[in-house]
Amino acid sequence: MADTKYIFVTGGVVSSLGKGIISASIGKLLQSRGYNITIQKFDPYINIDPGTLNPYEHGECYVTVDGMETDLDLGHYERFTGIQTTKANSMTTGRIYKSVIDKERRGDYLGKTIQVVPHITDEIKRNIKLLGQKYHYDFVITEIGGTIGDIESAPFMEAIRQLKWELGKRAVNIHLTYVPYLKAAGELKTKPTQHSVKELQSIGIQPDILVLRTEKHLSNDVRKKVAAFCNVDLDCVVQCEDLPSIYEVPIDMQQQRLDEAILRKTGEPIGATPELGPWREFINRRKKAKDSVNIGLVGKYDLQDAYKSIRESLSHAGTYNDYKVNINFLNSEEITEANVAEKLAHQDGIVICPGFGQRGIEGKIIAAHYTRTHDIPTFGICLGMQMMVIEFARNVLGYADANSREMDEKTPHNVIDIMEEQKNISNMGGTMRLGAYECVLKQGSRVFDIYKRENIQERHRHRYEFNNEFQTEFEKHGMMCVGKNPESDLVEIVEIPGLKWYIGTQYHPEYQSTVLKPHPLFLDFIKKAIENKKK
Ligand code: GLN
């Protein structure tokens with residue numbers, strides 16, 4: 001294909017319509033037609049990245065291989081397409097302004113007054129095109145965060161207007177809206193969609209394709225009405241009904257020929273419809289699974305999106321084990337010695353979640369103690385692994401004051417300590433140990449058995465580490481350090497071999513599980529949880 005084509009995914013009416021899932025589905029469909037694609041997210045907030053945001057503000061922070069803390073939608077892009085994203089796939093208003101201001105300080109603008117138009121919009125346009133120019137992708141899909149009409153997204157919309165004008169057929173806008181059903185009137189209402197499209201048109205953008213989110217099936221008449229009022233071809237008005245799983249969205253979009261509409265609009269030949277074989281197999285397997293396994297997530301954020309990638313990884317692993325996974329959130333702030341048995345009673349496996357700070361950690365330690373002493377399959381991730389280590393130090397090694405330096409600066413039993421290179425860092429943003437690092441697995445360990453190789457690479461996001469001064473003592477008592485970074489000697493994995501499944505990873509395996517390539521640790525953890533249930 002000669003020139004890169006650009007797809008802009010925007011949203012209207014309300015937020016949380018699933019622009020990320022639609023973008024990922026479009027990526028999946030074009031990829032399966034043999035196109036070389038990438039998906040990027042532009043977020044209109046001022047933060048440089050979401051790394052410093054509370055999960056309640058923004059959900060999980062997804063980490064790319066090259067160590068960028070990004071929006072959770074990048075997780076969807078990777079899980080759907082299997083294509084790794086990088087720093088360049090994520091941009092915020094904060095970074096756009098920073099780059100413009102840095103250029104201004106350098107004198108690059110030769111005495112000009114710096115304005116939103118053209119300087120900020122030019123910087124947005126430059127960044128939108130960057131990946132396409134560098135890697136010659138066939139399609140670059142750009143999802144714009146927020147909702148049309150937001151003050152902060154205005155410069156992004158202006159940049160898209162200009163790009164559409166400059167690129168002609170090489171750019172399409174897919175606008176996602178909502179069609180509410182009014183129960184009292186018994187009707188589906190298209191007016192919010194009409195208004196949302198008017199808003200786009202008023203800033204000079206004519207959407208090419210509309211995706212209507214709806215809880216009820218839309219008749220042809222409703223679609224015709226939307227087409228007529230919004231100047232959009234009827235076959236470019238697609239509906240996206242609620243489906244049992246987000247992974248059914250690409251199939252649904254293919255059935256409605258969304259990918260063909262894109263190809264037609266961009267002047268690409270429309271070849272045979274891809275079969276999506278393995279993808280369909282995954283969905284069929286998911287549907288066929290009858291039995292379910294209960295997994296308790298011990299964490300402090302009572303919000304679906306806060307542990308998005310962990311939830312998805314568990315669910316992938318469930319499918320490949322022919323089980324449904326019921327994920328039960330267990331608030332660690334509410335877990336006490338007195339109620340832990342009752343709270344964990346119906347769980348076949350427990351995940352101790354990542355996190356930062358003191359709040360809720362005692363509950364995590366109590367949960368780790370209970371699952372270790374009752375031999376319930378347990379997976380500790382990042383802070384979760386650290387809590388397993390602290391629990392072991394307190395209750396097996398006998399150090400009642402064992403803790404992490406993060407929570408207690410003075411404890412002599414700092415079994416989790418601050419990393420050497422983190423000691424002099426005072427800025428919070430983007431300064432952790434981030435991204436993919438090597439890890440060498442110990443032959444003969446459980447994890448070696450699971451990964452079936454010695455060298456792995458996993459992604460990190462932390463400041464604290466297992467304190468190697470205590471390694472011999474831990475190992476003497478049965479908690480083994482079975483994965484280490486070959487350069488820094490940092491402990492990446494601990495396990496207790498005698499138990500059914502008691503493994504903690506300093507890294508985040510959840511960032512690497514995809515639909516067609518589920519993560520081996522999650523697969524094995526779910527397998528053991530199922531066995532535990534059967535018993
Ligand atoms: N707070 C811990 C650290 O910084 C764990 C971080 C995490 O769970 N992502 O080391």
Side-chain angles (χ1 to χ4, degrees), residues 49-65 67-72 75 297-301 303 305-311 313 332-333 350-365 367-368 378-391 393 402-409 411 414-437 439 458-468 470 481 483-485 488 490-494 503-512 521:
D49 59 51
T52 55
L53 286 173
N54 184 317
Y56 278 127
E57 294 275 311
H58 199 262
E60 159 190 290
C61 182
Y62 186 80
V63 180
T64 59
V65 258
M68 184 81 195
E69 297 173 278
T70 70
D71 188 80
L72 58 79
L297 281 194
V298 178
K300 66 174 165 181
Y301 299 109
L303 174 84
D305 277 356
Y307 306 111
K308 191 83 196 162
S309 295
I310 293 179
R311 286 173 177 271
S313 305
S332 58
E333 282 183 282
I350 292 287
V351 175
I352 306 182
C353 291
F356 295 85
Q358 174 77 39
R359 190 166 63 83
I361 67 150
E362 291 305 324
K364 287 184 175 173
I365 295 172
T378 306
F379 197 169
I381 300 177
C382 206
L383 184 71
M385 169 269 199
Q386 298 177 354
M387 294 305 115
M388 283 172 151
V389 168
I390 292 168
E391 186 281 315
N403 215 327
S404 162
R405 274 265 187 268
E406 184 179 2
M407 324 300 169
D408 180 353
E409 283 192 9
T411 176
N414 51 333
V415 289
I416 302 294
D417 201 8
I418 180 119
M419 277 182 268
E420 195 52 40
E421 67 267 28
Q422 289 285 330
K423 284 185 179 156
N424 297 317
I425 291 176
S426 54
N427 263 2
M428 296 301 276
T431 55
M432 280 184 262
R433 181 175 183 236
L434 291 165
Y437 284 90
C439 172
E458 295 277 5
R459 301 183 205 175
H460 296 70
R461 184 178 186 237
H462 65 123
R463 283 183 213 288
Y464 297 84
E465 55 156 328
F466 180 94
N467 184 346
N468 280 346
F470 292 92
C481 301
K484 278 202 167 190
N485 179 285
S488 59
L490 291 181
V491 171
E492 310 283 24
I493 313 172
V494 294
I503 298 176
T505 61
Q506 185 57 75
Y507 54 79
H508 293 260
E510 71 272 22
Y511 295 141
Q512 304 220 95
L521 277 180

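This chain uses plain numbering: 1 for the first residue, then up along the sequence. In each ligand, atom 1 is the first atom listed, and ligand 1 is the first ligand listed.
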Considering only the protein, which heavy-atom contact is closest to atom 7 (C) of ligand 1, and what is its distance? Cys382 SG, 2.9 Å
Under 3.5 Å: donor-acceptor pair, side chain of Tyr307, backbone of Tyr301: yes
Quick one: does any side-chain atom of His462 pair with a main-chain N or O of Tyr464 as donor and acceptor, under 3.5 Å? yes
Test Asp417 against every option in Arg463, Arg405, Lys423 by the salt bridge (charged side-chain N to carboxylate O under 4.0 Å, His left out) rule and name the one that passes. Arg405
Below 3.5 angstrom, do we get any N/O pair linking Gln506 and ligand 1? no
What is the ring orientation for Tyr507 with His460, classed by angle as parallel under 30°, tilted 30 to 60°, or perpendicular over 60°? perpendicular
Identify, for atom 4 (O) of ligand 1, the protein heavy atom at the shortest distance, and state residue, atom and that distance. Arg463 N, 3.0 Å
Determine whether the side chain, the backbone, both or neither of Glu406 has a heavy atom under 4.0 Å from any heavy atom of ligand 1. side chain
Which protein heavy atom lies closest to atom 10 (O) of ligand 1, and at what distance to 0.1 Å? Tyr464 N, 2.9 Å
Which of these, Cys382, Cys61, Pro354, sits in a side chain to side chain contact (heavy atoms under 4.5 Å, CB included) with Arg461? Cys61
For ligand 1, is there an atom lying under 4.0 Å from some heavy atom of Glu465? no
Report the C-alpha distance between Glu60 and Ser309 in whole Å, list the side-chain angles of each, state the deciding distance to 0.1 Å, and finish with yes or no for side chain to side chain donor-acceptor pair (under 3.5 Å). CA-CA 8 Å; Glu60 159 190 290; Ser309 295; 2.6 Å; yes
Could you go through Gln512 and Glu458, starting from their C-alpha distance and side-chain angles, then the distance that decides it, and tell me whether this counts as side chain to side chain donor-acceptor pair (under 3.5 Å)? CA-CA 8 Å; Gln512 304 220 95; Glu458 295 277 5; 3.1 Å; yes
Given side chains that start at C-beta, do those of Ile361 and Gln358 come closer than 4.5 Å, heavy atoms only? yes
Which bit of His508 gets closer than 4.0 Å to ligand 1, counting heavy atoms only: side chain, backbone, both or neither? side chain
With heavy-atom distances below 4.0 Å as the criterion, list the atoms of ligand 1 near Arg461. 6 (C), 7 (C), 9 (N)
Among Gly355, Gly380, Pro354, the residue with a heavy atom nearest to atom 5 (C) of ligand 1 is Gly355
Against heavy atoms of Leu383, which atoms of ligand 1 measure under 4.0 Å? 5 (C), 7 (C), 8 (O)
Output yes when the distance from some N or O of ligand 1 to some N or O of Met432 is under 3.5 Å, and no in every other case. no
